[in-house]
K.L.:
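Quick one: the structure is below, and I'll ask about it shortly.
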Amino acid sequence: MTRLTLITGLIGTVILAALILIALFAQQIAPGDPLQMVGRPLLSPFADPRFPLGTTQLGRDVWAGLVHGARVSLTVSATAAAAVILIGILVGTLSGFLGGYVDDVLMRITEAVQSIPAFLLALALVSVLGASVTSVVVAIALSSWPPSARLVRAEVLRVRTLDYVDAARVAGRSPLAIAFLEVLPGALQPVVALIGITVGEAILVESALAFLGLSDPNLQSWGLMVASGRATLRVAPLLVILPGLAIALASLSVSLAGDALAARLSEGRRA
Amino acid sequence: MLLRFIGNRVWQALPVVLIVAVGVFFLLEMAEGDAVDAYFATTGAGDAGLAAQLREQYGLADSIGTRFLTYMTRLATLDLGYSVAFSRPVTEVIASRLPVTLMLMGTSILVSGSLGVLLGGIASWRRGRPTDAGITVSALVFNAMPGFWLGLLGIILFAVKLRWLPLGGIGTIGADLSGLESLLDTVRHLVLPVMTLAITYLALYVRLMRAAMNEAADSGWALAARARGLPESKIVLRHMARPALLPVVTMLGLKAGAMLGGSVVIETVFAIPGLGRLSYEAVTQRDLPLLAAILLAGTLVVVIVNILIDLFYRKLDPRIADTTG
């Protein structure tokens with residue numbers, strides 16, 4: 001691991017830890033409903049000690065919105081990324097281990113899904129399923145699994161020719177048990193490298209869907225805050241700048257931490 | 001030989017397009033309500049008798065199997081149905097919006113790829129020095145920014161504060177421009193959206209180019225070229241940069257779909273009347289047949305861009321041109 005990766009990885013991990021704490025204790029840090037009108041509209045930051053970052057056009061506390069937005073953003077993206085990787089593992093393992101027709105069919109489907117512009121697919125899924133947190137998770141999962149499936153498949157293809165897998169076959173274990181209990185654990189390491197990228201991407205997709213008004217309207221999220229700040233772009237640009245900064249910070253910290261983790265693991269493998 | 005190559009690639013792409021078409025049909029089936037409900041929702045009136053009659057007329061009352069067959073046969077003749085939101089055939093609506101998006105996407109791919117190659121090359125050239133770290137880290141930072149936000153930042157800085165560039169749209173409304181002036185006007189309008197889209201995807205290309213150039217610099221062939229006394233510029237351009245371009249070009253193809261998806265928010269932010277903004281309009285007006293058709297059109301664009309990129313790849317890497325027909 002180079003020194004640069006180490007430094008950026010540390011910075012990423014610290015920011016990410018802070019964001020997770022803020023998300024966990026959102027209700028303690030900024031009590032109440034962040035969508036409530038609590039003060040005069042469009043107060044600038046530091047004007048009123050009760051609202052350190054000012055208020056929005058609708059008199060909502062900006063700081064409270066940012067704090068509660070962390071919860072939505074991190075929960076949705078972590079769940080969606082977990083689903084993406086699970087689908088990837090399932091499809092990739094079956095495809096790589098079974099081969100033949102199953103492999104052909106699954107890979108054609110993977111290729112097809114990968115050819116659909118992912119964000120368009122997510123958009124269509126949310127509009128069919130209705131705007132809610134669950135449909136956003138489902139939409140991200142169903143539109144972004146192909147790369148992880150391909151990666152897992154490639155790893156499974158490599159691992160399944162190793163001797164210990166043959167040994168398990170000779171010992172008479174069932175094919176599915178060999179695939180998921182013997183081959184898969186050996187193929188998992190590169191998947192770890194995917195976590196950072198997948199969560200970072202999911203944060204961006206979630207925020208873009210919320211920006212377009214396709215997330216739960218009863219939850220304050222960063223994307224939604226940017227969208228409502230657009231109306232007052234000329235007089236209060238901070239209402240757009242701050243929540244966007246939060247999205248970028250979250251996505252960046254996750255990918256920096258993920259990069260460092262991946263670099264560390266690949267070093268461990270070489271040693 | 002070239003024609004046979006293109007023919008092969010189209011033949012390979014057919015099952016992909018077919019699977020997407022089938023998937024889109026079932027996606028539409030998942031939605032609550034059909035076109036008649038959507039129609040009544042827009043007109044605000046209608047009775048059960050009329051609804052049944054309309055469903056009969058448009059084949060919506062048939063069984064799912066029959067509807068699937070009708071859908072596929074109509075698709076084969078490029079009949080994508082009728083858009084309730086725009087009161088025009090879907091094909092017409094899409095055809096009127098596609099050129100702008102193709103222009104936006106094509107320029108962004110070119111800008112993103114060439115900037116990535118340039119910056120990745122510079123980073124590798126200054127390997128381990130502050131310039132290298134600066135380029136690598138800033139590319140990562142831009143990659144983490146949501147496109148719609150970066151676009152809005154560009155608007156705040158360049159259109160509102162500095163007044164250098166227009167706020168949005170693709171041409172000055174009411175300005176009767178011709179020839180060169182009209183071209184310059186379009187360029188001025190496209191600078192911000194293209195740069196936004198290009199910069200958010202830059203990191204990948206910078207990273208690939210940098211890694212490939214580093215590898216090439218350490219390789220035997222660069223050393224051999226140096227030993228033969230070739231000028232440094234020739235070594236860098238012909239012996240290192242050319243092979244290093246290959247992974248970048250592959251990635252440009254893989255990311256074509258992401259670029260097209262990214263254009264949804266970019267076109268919404270900059271009020272550009274393209275396919276991306278159309279998909280947003282289809283969602284807000286609940287015009288699902290239109291949305292489905294956009295998915296299909298988007299897939300076709302991705303498939304075609306990938307075939308074009310494969311052609312470019314063949315030009316770049318003569319080893320492939322020799323072996324595959």
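Protein chains get the first letters and strands the later ones, always in sequence-line order, with residue 1 at the start of each.
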K.L.:
Which atoms of B:V141 come close to chain A, meaning under 4.5 Å heavy atom to heavy atom: side chain ones, backbone ones, both, or neither?
P.N.:
both
K.L.:
Is there side-chain contact between A:W222 and B:P146, with at least one heavy-atom pair below 4.5 Å?
P.N.:
no
K.L.:
If I compare all heavy atoms of B:L27 with all of A:A124, which pair ends up nearest, and what's the gap?
P.N.:
CD2-CB, 3.8 Å
K.L.:
Which bit of A:I203 comes within less than 4.5 Å of chain B, counting heavy atoms only: side chain, backbone, both or neither?
P.N.:
neither
K.L.:
Tell me, side chain or backbone of A:L256 under 4.5 Å from chain B's heavy atoms, or both, or neither?
P.N.:
side chain
K.L.:
Under 4.5 Å, counting heavy-atom pairs only, tell me which of A:L252, A:L214, A:I109 racks up the most with chain B.
P.N.:
A:L252
K.L.:
Quick check on B:I155 against chain A: is it the side chain, the backbone, both or neither that has a heavy atom closer than 4.5 Å?
P.N.:
side chain
K.L.:
Measuring from B:Q12:CD to A:E111:CD, what's the distance to the nearest 0.5 Å?
P.N.:
8.0 Å
K.L.:
Heavy atoms only: give me the nearest A:A208-B:V265 pair and the separation to one decimal.
P.N.:
CB-CG1, 4.1 Å
K.L.:
Please output the side-chain donor-acceptor pairs of residues 270-283 of chain B that fall under 3.5 Å, not counting sequence neighbours, one pair per line with the distance.
P.N.:
from	atom 1	to	atom 2	distance (Å)
B:R277	NE	B:E281	OE2	3.4
B:S279	OG	B:G276	O	2.5
B:E281	OE1	B:R97	NH2	2.9

K.L.:
Tell me, for A:T8 versus chain B, whether the close heavy atoms (under 4.5 Å) come from the side chain, the backbone, both or neither.
P.N.:
side chain
K.L.:
Could you give the side-chain donor-acceptor pairs of residues 296-305 of chain B under 3.5 Å, partners two or more places apart or in another chain?
P.N.:
from	atom 1	to	atom 2	distance (Å)
B:T299	OG1	B:L295	O	2.7

K.L.:
Should B:L291 and A:V128 be marked as a side-chain contact (heavy atoms from CB on, under 4.5 Å) after you check the CA-CA gap, both sets of side-chain angles, and the distance that decides it?
P.N.:
CA-CA 10 Å; B:L291 192 60; A:V128 163; 5.8 Å; no
K.L.:
Looking only at non-hydrogen atoms, find the nearest pair between B:T268 and A:R230 and report the distance.
P.N.:
O-NH2, 3.6 Å
K.L.:
Would you please go through residues 196-214 of chain B and name the residues with a non-hydrogen atom below 4.5 Å from one of chain A, in numerical order?
P.N.:
B:R207
K.L.:
So, B:W149 side chain and A:V226 main chain: donor-acceptor pair closer than 3.5 Å or not?
P.N.:
no
K.L.:
List the atom of A:L204, the atom of B:N143, and the distance in Å for their closest heavy-atom pair.
P.N.:
CD1-O, 3.7 Å
K.L.:
Take A:L4 and B:D132 through the test side-chain contact (heavy atoms from CB on, under 4.5 Å) and record every step on the way to the result.
P.N.:
CA-CA 10 Å; A:L4 186 66; B:D132 178 17; over 6 Å; no
K.L.:
Pair B:F148, A:V240 - check side-chain contact (heavy atoms from CB on, under 4.5 Å), show working.
P.N.:
CA-CA 10 Å; B:F148 58 89; A:V240 164; over 6 Å; no
K.L.:
Select one option (side chain, backbone, both, neither) describing which atoms of B:V269 are under 4.5 Å from chain A's heavy atoms.
P.N.:
both
K.L.:
Is the count of non-hydrogen atoms from other residues, nucleotides or ligands lying under 6.0 Å from B:E215 atom CD greater than 12?
P.N.:
no
K.L.:
May I have all residue pairs that pass salt bridge (charged side-chain N to carboxylate O under 4.0 Å, His left out) and include part of residues 201-218 of chain A, sequence neighbours excluded?
P.N.:
none
